[in-house]
Amino acid sequence: MLTTLVSLVSLFLIPLRSYAAPSATSSAAPNPGATSTASLNSLAQSIGKAYFGSATDNPEFTDAAYLAILSDNAMFGQITPANAWKWDATEPEQGVFTFTQADQVAALAQGNGQLIRGHNCVWHQQLPTWVSSGNFTAAELTDIMTTHCTTILEHFKGDTCEWRLIAFDIVNEPFNDDGTFTSDVFFNTLGSSYIGTVLTAARAADPSTHLYINEFNLEFAGVKSTAMANLVSSLKSAGTPLDGIGFESHLIVGQVPTDFQQQLESFTALGVEVAVTELDIRMTLPVTDALLAQQQADYQSVVSACKAVSGCVGVTIWDYTDKFSWIPGAFAGQGAACPWDDNLVKKPAFDGIVAGLQS
Ligand code: G3I
């Protein structure tokens, strides 16, 4: 619906432009570049963070220039598989686990000396239809869910790998924006107890990785973040294993919530760590110098918020380049959300991140 709305607004605006709009994904033409030569992960670790990282996806590995930047562990000390570890990729048929794509990401991380954030075990999207339309009983679905997560975690756990699986998004996006639980096969069959069940199974499968619930729109106070805080409190009081809350942080230029840092702190006060897990800051195209400058300030705000909160362990951008960003495919007329443009040239946003880590 949001996409439709944006499309309608864009259609309305096009006749008002007196110049040719650049291509929908292009941000290269007006990019004045970045000035800093710093390396983000080195900088992040120098201020006590565990990593600065990026999401990545297997089809991108054939792009040598992309891979060279991604593989520089001074720049990116952590990677998140954007798709390869999800349910549809790893267990497309019941009991048939396929780790080919997933192992490629793990091998890349291992070769580069990078950490991995596992993503994800249980989510209402990218589920094979055998799960989402299986009409399972509660007992059957509990077994299916715990088998899936246990198998994934045991496959990748630190005991059997040289690289370190620092964290894992066990439950992804359990809430609607109004603070109610997402209506999916897990909630509809098991109620909210599926969350505790799968977290408990995950801890048993891999006692060392940090178990996360990952969510968007927690970056500002509201009913959704209150619902998540209540969930954290109730899981903690029940003794359920939970280590962290992921703040996805898919944000909009000029609209970074002013209470972002307080939100991070409000969760660390509940006894969990936090991480910025999927940061990108999109703009309505075309790219302008003013938008790039605002985006620089916005990246700085987010990163400095994490820097200021000792329980914020790291920042992951949802791929580092506009070339492979999910934004143009999801939000018509928007893009240029990443710190590198689609020619793999650093944007002013890169300087914003550096300033955020230094300030
Ligand atoms: O795998 C098929 C492939 O077989 C087919 O040829 C191709 C044709 O378009 O589609 C491929 O599937 C795509 C998949 O990515 C793998 O590339 C889907 O269409 C596409 O919708 C899917 O998008 C992913 C999206 O999650 C799905 O919701 C994005 O790459 C991924 O970045 C995005 O990541 C999510 C996080 O997991 C959770 N938080 C939000 C974030 C952004 O949506």
Side-chain angles (χ1 to χ4, degrees), residues 1-3 6 24-25 53-63 66 70 76 78-93 96 98-102 104-105 108 116-132 148-149 152 167-177 182 184-186 195 198 211-219 224-225 228 244-252 274-283 302 315-332 334-340 342:
M1 180 157 174
L2 177 60
T3 310
V6 169
T25 55
S54 174
T56 190
D57 204 2
N58 302 58
E60 302 163 13
F61 299 166
T62 55
D63 184 324
Y66 167 86
L70 181 76
F76 301 116
Q78 171 273 325
I79 57 180
T80 304
N83 287 302
W85 289 27
K86 290 173 176 172
W87 199 316
D88 60 355
T90 52
E91 194 186 5
E93 293 171 54
V96 179
T98 57
F99 289 114
T100 315
Q101 302 273 305
Q104 283 175 11
V105 181
L108 181 71
I116 286 203
R117 290 196 81 261
H119 179 82
N120 54 57
C121 268
V122 177
W123 188 28
H124 60 276
Q125 289 187 31
Q126 289 172 286
L127 272 183
T129 50
W130 74 263
V131 181
S132 53
H148 177 75
C149 294
I152 303 283
F168 209 119
D169 296 326
I170 300 300
V171 177
N172 202 44
E173 302 175 2
F175 287 112
N176 298 308
D177 279 347
T182 305
D184 63 10
V185 66
F186 306 107
I195 295 172
V198 72
L211 308 179
Y212 271 65
I213 303 175
N214 189 48
E215 186 57 275
F216 61 93
N217 284 347
L218 302 179
E219 299 85 21
K224 191 175 195 177
S225 64
M228 182 64 88
I245 296 298
F247 283 59
E248 291 190 9
S249 310
H250 294 293
L251 301 172
I252 300 172
V274 292
V276 176
T277 53
E278 302 188 11
L279 176 62
D280 50 27
I281 310 182
R282 62 187 182 267
M283 61 181 72
V302 173
V315 175
T316 307
I317 47 181
W318 204 243
D319 227 317
Y320 73 83
T321 164
D322 295 333
K323 185 172 188 177
F324 298 125
S325 172
W326 70 293
I327 294 292
F331 298 94
Q334 297 185 51
C338 302
W340 275 254
D342 41 17

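Whatever order the structure lists ligands and atoms in, that order sets their numbers, starting from 1. All residue numbers refer to positions in the sequence shown, counting from 1.
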Problem set entry | Distance flag, aromatic centroids of W318 and F216, threshold under 6.0 Å | no

For this session: Identify the protein heavy atom lying closest to atom 36 (C) of ligand 1, giving its residue, its atom name and the separation to 0.1 Å.
Result: H119 NE2, 3.4 Å

Problem set entry | Check against side chain to side chain contact (heavy atoms under 4.5 Å, CB included), I152 and T90 | CA-CA 8 Å; I152 303 283; T90 52; 3.4 Å; yes

Problem set entry | Polar contact flag for W123 and ligand 1 (N/O pairs, less than 3.5 Å) | no

For this session: Decide whether an N or O pair under 3.5 Å exists between N172 and ligand 1.
Result: no

Exercise. Aromatic ring centroids of F331 and W326 under 6.0 Å?
Worked result: yes

Exercise. Heavy-atom distance from atom 16 (C) of ligand 1 to the protein below 4.0 Å?
Worked result: yes

Exercise. Do ligand 1 and E278 have nitrogen or oxygen atoms that lie under 3.5 Å from each other?
Worked result: yes

For this session: Could you tell me whether a side-chain N or O of W130 sits under 3.5 Å from a main-chain N or O of P92, the two making a donor and an acceptor?
Result: yes

Seminar exercise, completed: Taking every heavy atom of D57 against every heavy atom of A84, the minimum-distance pair comes out as OD1-N, 4.3 Å

Exercise. What protein heavy atom sits nearest atom 28 (O) of ligand 1, and how far away is it?
Worked result: Q125 OE1, 2.7 Å

For this session: For atom 6 (O) of ligand 1, state whether the nearest protein heavy atom is under 4.0 Å away.
Result: no

For this session: From the options Q126, E173, K86, E215, select the one whose nearest heavy atom is closest to atom 38 (C) of ligand 1.
Result: E173

Seminar exercise, completed: Note: ligand 1 atoms sitting under 4.0 Å from heavy atoms of E248 are 39 (N), 40 (C)

Seminar exercise, completed: atom 34 (O) of ligand 1 sits nearest the protein heavy atom W318 NE1, 3.3 Å

Exercise. Does an N or O from N120, backbone or side chain, lie closer than 3.5 Å to an N or O of ligand 1?
Worked result: no

Exercise. Can you list the steps and then say if I317 with C338 is a side chain to side chain contact (heavy atoms under 4.5 Å, CB included)?
Worked result: CA-CA 8 Å; I317 47 181; C338 302; over 6 Å; no

Exercise. Does the side chain of T316 pick up a donor-acceptor pair with the side chain of Q78 at under 3.5 Å?
Worked result: yes

Exercise. What do you think, any protein heavy atom under 4.0 angstrom from atom 32 (O) of ligand 1?
Worked result: yes

Problem set entry | atom 2 (C) of ligand 1 within contact range, any protein heavy atom under 4.0 Å | no

Problem set entry | Is_contact(atom 24 (C) of ligand 1), protein non-hydrogen, under 4.0 Å | yes

Seminar exercise, completed: The atoms of ligand 1 lying under 4.0 Å from a heavy atom of H250, numbered in the order shown, are 40 (C), 41 (C)

Exercise. Is atom 40 (C) of ligand 1 in close reach of the protein, with a heavy atom under 4.0 Å away?
Worked result: yes

Problem set entry | Full working for side chain to side chain contact (heavy atoms under 4.5 Å, CB included) between E60 and T62 | CA-CA 5 Å; E60 302 163 13; T62 55; over 6 Å; no

For this session: Ignoring hydrogens, tell whether any protein atom lies closer than 4.0 Å to atom 19 (O) of ligand 1; use the non-hydrogen atoms only.
Result: no

Exercise. Where do K323 and D63 land on the side chain to side chain contact (heavy atoms under 4.5 Å, CB included) test, with the steps shown first?
Worked result: CA-CA 11 Å; K323 185 172 188 177; D63 184 324; 2.6 Å; yes

Exercise. Any protein heavy atom under 4.0 Å from atom 9 (O) of ligand 1?
Worked result: no

Problem set entry | Where I245 and L218 come nearest, the two heavy atoms and their spacing | CG2-CD1, 3.6 Å

For this session: Identify which of N83, D169, I327, D319 has a heavy atom lying nearest to atom 29 (C) of ligand 1.
Result: N83

Exercise. Can you find a pair of side-chain heavy atoms, one from W123 and one from D184, that are under 4.5 Å apart?
Worked result: no

For this session: Let me know which of N172, T80, N214 forms a side-chain hydrogen bond (donor to acceptor under 3.5 Å, both in side chains) with T277.
Result: N214

